Amino acid sequence: LEYAYYKYKPMLERANEYILNRKVKDAINYYKVVMAQNIPPEFKGMIRKNMSDLTEYLEKYLSSD
């Protein structure tokens with residue numbers, strides 16, 4: 001798990017930068033790329049949770065406009 005995290009750490013940090021800059025769709029795309037890799041199921045579960053939270057945020061944000 002630790003190796004997988006450090007291998008994809010730059011991509012996860014980039015996704016975090018996108019979130020801080022309110023580019024949520026770009027962050028979700030980065031998470032999708034990481035999910036497509038051969039990573040442990042525990043790690044996929046964490047990323048899946050982040051993606052679902054971001055998607056929920058987008059749905060609420062877009063519906064409030």
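Since this is a predicted model, take the numbers as computed values, not measurements. Heads up: numbering here begins at 1 and tracks the sequence.
Going from atom CE of Met46 over to atom CD of Glu42 covers 7.5 Å, rounded to the nearest 0.5 Å. Atom OH of Tyr31 sits about 12.5 Å away from atom NZ of Lys49, to the nearest 0.5 Å. The structure places OH of Tyr18 at 14.0 Å from CG of Leu54, a figure rounded to the nearest 0.5 Å. The CD1 atom of Ile39 sits 10.5 Å away from atom NZ of Lys7, with the distance rounded to the nearest 0.5 Å. Note that the CE atom of Met35 and the NZ atom of Lys44 stand 5.5 Å from one another [nearest 0.5 Å]. Expressed to the nearest 0.5 Å, how far CG of Asn21 lies from CD of Glu17 amounts to 7.5 Å.
For Ala15 against Ala27, the heavy-atom pair with the smallest separation is O-CB, 3.5 Å. The nearest pair of heavy atoms linking Tyr30 to Met11 is CD2-O, 3.6 Å.
Lys25 pairs by the side-chain contact (heavy atoms from CB on, under 4.5 Å) definition with Leu58, not counting sequence neighbours. Every side-chain contact (heavy atoms from CB on, under 4.5 Å) that Thr55 has, sequence neighbours left out, goes to Ile28, Glu59.
Looking at Asn16, its side chain never comes within 3.5 Å of a backbone N or O of Leu12 through a donor-acceptor pair.
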